[in-house]
Amino acid sequence: MPSILLADDHRIVRQGIRLTIEQFDDYRVIAEAEDGRSALELADEHRPDVVLVDIAMPGMNGIDLTRALCSADPRRRVLILSMHTEKRFVLDAFAAGASGYVVKTATPAQLRSAIEAVLAGQSYISPEVSGIVLEEMTGGNDNNPTRLTIRERQVLQLLTEGLNAKQAAAELGISDKTVHAFRAQIMRKLDLHSMAELTKYAIRHGITTLD
C-alpha cells in the first residue's frame, strides 16, 4: 500500500487531508509534519512514496523543502498541495522538482488522480494552473525576479520570520557574521534597502508568510 507524508503547518488542514486520503482505502498516511525541517527528517525516517507539501510553512517553505527532498533522492515524488495559483509559485515548484501541483480547492477525486499520476511517474497539474505551465512551455515570458540561491532563501526566510542573526545562524549551523553577510548580499542582489522591503519581497514570492 503506497505511503504518504503530509507537510502542512495547519493541523486542521492536515486532519482534513488525512481523512480524505483514508477514504481512498488503498493509500495510507504514515507521518505528518508542521514545517519543512520536520518533513525532511520524517522523509528520511519513513521513506514515503509521496510527500504532499504545502508552500507556506515556517522555517523552510515548501519550495525549498521540495528542492531538498528531490536533491536528496531524485526518485522521490513530491506533490504540491497549495492555495496559491500565481505563476511564480507553480513554476518555482516544478523547477524545484515537484511531480505535481494541486490547488486546495481540488475535489477528493482530483487529489486521488494526482497521487495516482505521480506514483506512476507522471506529472499532474490542476486545471486551475495548467495554463501557466502551458504558457511557459510555449514560450511565454517569465518575469520572475533575480533568483536567490538556496542558502540566500533560507537566510531570508528566517530573518523575515523574526529571527535575529544569532538565532538564524544557530538554525543554519553558520556564524552570525555569515548571516549578516548573506543579508547584505541579498539586499544588493534585489536592490532592497530595509527589512520591511525584504519582508514584502519574501511574502510576495512565497519565501515566507504572515500566518
Worksheet item: Does Tyr124 share a hydrophobic cluster with Leu119, counting links as ILVMFWY side-chain heavy atoms below 4.5 Å and allowing steps through other members?
Response: yes

Discussion item. Any heavy-atom pair between the side chains of Leu52 and Ile21 that's under 4.5 Å?
Written reply: yes

Discussion item. Looking at every heavy atom in both Asp26 and Pro2, which two are closest together, and how far apart are they?
Written reply: O-CD, 3.3 Å

Item to complete: Could you tell me whether the side chain of Thr107 and the main chain of Gln110 form a donor-acceptor pair under 3.5 Å?
Response: yes

Worksheet item: Got a salt bridge between Arg112 and Glu116, using NZ or NE/NH1/NH2 to carboxylate O under 4.0 Å?
Response: yes

Worksheet item: Going only through I, L, V, M, F, W and Y residues with side-chain contacts under 4.5 Å, is there a path from Val90 to Val102?
Response: no

Worksheet item: Between Arg151 and Gln154, do the side chains contain an N or O donor and an N or O acceptor separated by less than 3.5 Å?
Response: yes

Worksheet item: Do the side chains of Lys104 and Asp8 get nearer than 4.5 Å, heavy atoms only?
Response: yes

Worksheet item: When rounded to the nearest 0.5 angstrom, what distance separates CD in Glu34 from NE2 in His10?
Response: 11.0 Å

Worksheet item: Taking it one step at a time, do Asp54 and Arg14 satisfy salt bridge (charged side-chain N to carboxylate O under 4.0 Å, His left out)?
Response: CA-CA 10 Å; Asp54 183 29; Arg14 294 199 308 273; over 6 Å; no

Discussion item. Using side-chain heavy atoms (C-beta onward) and a distance below 4.5 Å, is Arg77 in contact with Asp49?
Written reply: no

Practice prompt. State, to 0.1 Å, how close Ser82 and Ile55 come at their nearest heavy-atom pair, and which atoms those are.
Written response: OG-CD1, 3.7 Å

Practice prompt. Give a yes or no answer on whether the side chain of Gln167 reaches the backbone of Asn164 with a donor-acceptor pair at less than 3.5 Å.
Written response: yes

Practice prompt. Decide yes or no for Arg183 and Met195: does some side-chain heavy atom of the first lie under 4.5 Å from some side-chain heavy atom of the second?
Written response: yes

Discussion item. Quick check: do Ile80 and Phe94 have side-chain heavy atoms less than 4.5 Å from each other?
Written reply: no

Item to complete: Spell out, as yes or no, whether a donor-acceptor pair under 3.5 Å connects the side chain of Ser99 to the backbone of Val118.
Response: no

Worksheet item: Is there a donor-acceptor pair closer than 3.5 Å between any side-chain N or O of Glu45 and the backbone N or O of Glu41?
Response: no

Discussion item. Return the CG to CG distance between Leu69 and Asp73, rounded to the nearest 0.5 Å.
Written reply: 9.0 Å

Worksheet item: What is the distance from atom CG of Leu81 to atom CG of Leu111, rounded to the nearest 0.5 Å?
Response: 6.0 Å

Worksheet entry | Which atom of Ala39 lies closest to which atom of Ala7, heavy atoms considered | CB-CB, 3.9 Å

Worksheet item: Nearest 0.5 Å, what's the CZ-OG1 distance between Phe89 and Thr85?
Response: 9.0 Å

Worksheet item: So, His46 versus Asp44: side-chain donor-acceptor pair below 3.5 Å or not?
Response: no

Discussion item. Taking the side chain as everything from C-beta on, heavy atoms only, tell me whether Pro58 gets closer than 4.5 Å to Glu161.
Written reply: yes

Discussion item. Counting C-beta onward and ignoring hydrogens, is there a side-chain heavy-atom pair between Val51 and Val53 closer than 4.5 Å?
Written reply: yes

Practice prompt. State, with a plain yes or no, whether a side-chain heavy atom of Val50 is found less than 4.5 Å away from one of Tyr27.
Written response: no

